[in-house]
Colleague: 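Pasting in a structure now, in C-alpha cells, and then I'll have a few things to ask.
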Amino acid sequence: MMSMSDGTSGTTAHARLPASDGISRRIARLQHEDAESRAAATMLRSVVEISGHGARYTFFISKMIWGVSLFMECGDWNENWKTFPRVSRAAGIIRTRARGNGWKHAEVIAANGMPSLDPDAKPRAWDHDLTFDHARTISDCYRMMVERRAGLTFQEAAFIIAEYPPVIITTAENASMTKRGFKNTGEPERRYDGILLEGFTLRA
C-alpha cells in the first residue's frame, strides 16, 4: 500500500476503496480497440514508464495526464464545457443562464433580453467565470505514481487518474481553493470543502 508523506498532498483512498461504476467505466475506455482508446492507453503507458524513472514533473508530463483524464471521462479529446457532466452547483447555474442567453455572458445582456447598449462594454465569453479543475490535481497524480515507482502497474496508474475526475467550477470557487492552499495539491475532499455538487459525487 502506498503511503503519503503528509495530509495535504494526496490520499491513500485508491489503495483502500473499491472502484465505483464510474471509475470502472473510465478505466474500461482505455481497453477499447479503436484508435483513440489505444492512443490514450499509449499515453498512460508512457507516463507509467516516465514515473518509473523518477523523472521530475514537467509541463509535458502534465499534458499527457490531462489528456488521459479527459479521454477517460468523455471518451474523446473534446473538452466541451457546454455538455461536460461534472459541474459544481454554482458553475451549473452560470451555464444554465448562459444557455438561456444564447451562450452569451449574462453581464452583457440587458434586463429586457437585448444586448447591452454600453459602447464600452466588451462582451466576455459565456464561460469567463468558470474553470476546469482536476479534483485530484495532475501534479498529485504524478507524484503518487513516482512514489510507487517500479511497482506501479498500468491499472493502478489508470485508477489514480480516474478516481477523482475533473470538475468545472467557478473562478470564485477556484480562488477560494487557492487561498486555502490547495491550488496545485491536496486531498480532493479537502480541496472541495464548501463547494456544492449536484447529481454526482467527487469520487464517482
Side-chain angles (χ1 to χ4, degrees), residues 1-81 84-86 131-168 174 177 181-192 201-204:
M1 178 181 298
M2 188 191 320
S3 62
M4 298 296 108
S5 58
D6 59 70
T8 62
S9 59
T11 176
T12 58
H14 73 284
R16 64 174 183 263
L17 295 177
S20 66
D21 290 343
I23 295 171
S24 298
R25 169 181 52 79
R26 293 180 194 106
I27 295 175
R29 283 190 167 131
L30 300 178
Q31 300 167 349
H32 297 168
E33 293 300 318
D34 62 282
E36 301 303 323
S37 296
R38 289 183 176 182
T42 298
M43 289 171 64
L44 182 56
R45 289 191 188 95
S46 297
V47 174
V48 170
E49 183 173 355
I50 292 169
S51 67
H53 296 310
R56 67 181 179 84
Y57 180 69
T58 67
F59 169 82
F60 303 101
I61 290 173
S62 75
K63 287 304 178 183
M64 284 195 287
I65 296 175
W66 182 92
V68 172
S69 175
L70 180 64
F71 186 84
M72 284 200 290
E73 179 60 30
C74 301
D76 56 36
W77 312 105
N78 183 22
E79 186 184 310
N80 189 343
W81 290 18
F84 194 77
R86 294 169 58 87
T131 188
F132 192 78
D133 178 72
H134 291 263
R136 169 174 284 154
T137 68
I138 295 177
S139 59
D140 275 348
C141 286
Y142 185 66
R143 179 189 52 76
M144 292 168 74
M145 294 179 195
V146 170
E147 287 183 351
R148 186 80 180 195
R149 290 290 179 94
L152 180 71
T153 67
F154 176 88
Q155 197 74 4
E156 288 169 340
F159 192 100
I160 288 171
I161 298 173
E163 186 176 22
Y164 289 96
V167 181
I168 293 177
N174 185 65
M177 200 180 287
F182 297 128
K183 178 177 177 61
N184 296 313
T185 188
E187 294 182 14
E189 285 81 5
R190 294 187 66 187
R191 296 184 74 239
Y192 276 74
T201 59
L202 201 56
R203 183 187 183 272

Colleague: Does any part of the side chain of Q155, heavy atoms only, come nearer than 4.5 Å to the side chain of Q31, both counted from C-beta?
Modeller: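 Yes, side chains in contact.
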
Colleague: After noting the C-alpha distance and the side-chain angles of D133 and R191, does the key distance pass the side-chain contact (heavy atoms from CB on, under 4.5 Å) rule?
Modeller: CA-CA 11 Å; D133 178 72; R191 296 184 74 239; 3.0 Å; yes

Colleague: Specify the closest pair of heavy atoms between P165 and E73, including all atoms of both residues, with the distance to one decimal.
Modeller: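 For P165 and E73, the tightest heavy-atom pair comes out as CB-OE1, 3.5 Å.
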
Colleague: Checking R26 side chain against C74 main chain: does a donor-acceptor pair fall under 3.5 Å?
Modeller: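 Here the side-chain-to-backbone pair does not exist.
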
Colleague: Provide the closest heavy-atom pair for S51 versus L152 in the form atom of the first, atom of the second, distance.
Modeller: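 Closest approach of S51 to L152: OG-CD2, 3.6 Å.
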
Colleague: Any sub-3.5 Å donor-acceptor pair from S46's side-chain atoms to T42's backbone N or O?
Modeller: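 Yes: the side chain of S46 pairs with the backbone of T42.
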
Colleague: So how far is it from N184 CG to I138 CD1, rounded to the nearest 0.5 Å?
Modeller: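 Between N184 CG and I138 CD1, I get 10.0 Å after rounding to 0.5 Å.
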
Colleague: Checking K183 against M177 for the side-chain contact (heavy atoms from CB on, under 4.5 Å) test, could you report, in this order, the C-alpha distance in whole Å, the side-chain angles of both residues, the deciding distance, and whether it holds?
Modeller: CA-CA 6 Å; K183 178 177 177 61; M177 200 180 287; over 6 Å; no

Colleague: Between E49 and R45 (salt bridge meaning N to carboxylate O under 4.0 Å), is one present in this structure?
Modeller: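 No, E49 and R45 are not salt-bridged.
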
Colleague: Can you confirm whether the side chains of S24 and D21 place a donor and an acceptor under 3.5 Å from each other?
Modeller: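 Short answer, no.
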
Colleague: Checking the side chain of S69 only, and the main-chain atoms of I161 only, is there a donor and an acceptor separated by less than 3.5 Å?
Modeller: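 Side chain of S69 to backbone of I161: no pair is present.
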
Colleague: CE/M43 to CE/M64 distance, rounded to the nearest 0.5 angstrom?
Modeller: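 That separation rounds to 7.0 Å.
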
Colleague: Can you see which heavy atom on A40 is nearest to which on F71, and at what distance?
Modeller: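 So the minimum-distance heavy-atom pair works out to CB-CD2, 3.6 Å.
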
Colleague: Is any side-chain heavy atom of L30 less than 4.5 Å from a side-chain heavy atom of L44?
Modeller: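 In contact.
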
Colleague: Cation-pi check for F182 against R190: NZ or CZ below 6.0 Å from the six-membered ring centre and within 45 degrees of the axis, yes or no?
Modeller: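 Judged by the rule (NZ or CZ under 6.0 Å from the ring centre, within 45° of its axis), R190 is not positioned above F182.
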
Colleague: Would you call Y142 and I50 a side-chain contact if the rule is heavy atoms closer than 4.5 Å?
Modeller: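 Result yes, sub-4.5 Å side-chain heavy-atom pair found.
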
Colleague: Return the CD to SG distance between E163 and C141, rounded to the nearest 0.5 Å.
Modeller: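 E163 atom CD to C141 atom SG measures 9.5 Å (nearest 0.5 Å).
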
Colleague: Looking at side-chain heavy atoms only, is the closest gap between R25 and I23 below 4.5 Å?
Modeller: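 With C-beta onward as the side chain, the pair stays apart.
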
Colleague: Dump the intermediate steps for side-chain contact (heavy atoms from CB on, under 4.5 Å) on R56 and T58, then the final yes or no.
Modeller: CA-CA 6 Å; R56 67 181 179 84; T58 67; 3.7 Å; yes

Colleague: For the residue pair P166 and F132, what are the closest heavy atoms and their distance?
Modeller: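 Taking every non-hydrogen atom into account, CB-CZ, 3.4 Å.
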
Colleague: Can you confirm whether I168 sits close enough to R86 that some side-chain heavy atom of one is under 4.5 Å from a side-chain heavy atom of the other?
Modeller: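 They are not in side-chain contact.
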
Colleague: Which heavy-atom pair separates D140 from G186 by the least distance, and what is that distance?
Modeller: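 Minimum heavy-atom separation between D140 and G186: OD2-N, 2.9 Å.
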
Colleague: Could you point out which residue of E189, R136, H134 forms a side chain to side chain donor-acceptor pair (under 3.5 Å) with Y164?
Modeller: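 So the option named by the test is E189.
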
Colleague: Atom CG of L202 and atom CD of E187: how far apart are they, to the nearest 0.5 Å?
Modeller: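 Going from the CG atom of L202 to the CD atom of E187 covers 11.5 Å.
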
Colleague: Closest approach of Y192 and A135, non-hydrogen atoms and distance?
Modeller: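 What the structure gives for the nearest pair is CE1-CA, 3.7 Å.
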
Colleague: Is any side-chain heavy atom of E79 closer than 4.5 Å to a side-chain heavy atom of W66?
Modeller: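 SC-SC contact between E79 and W66 confirmed.
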
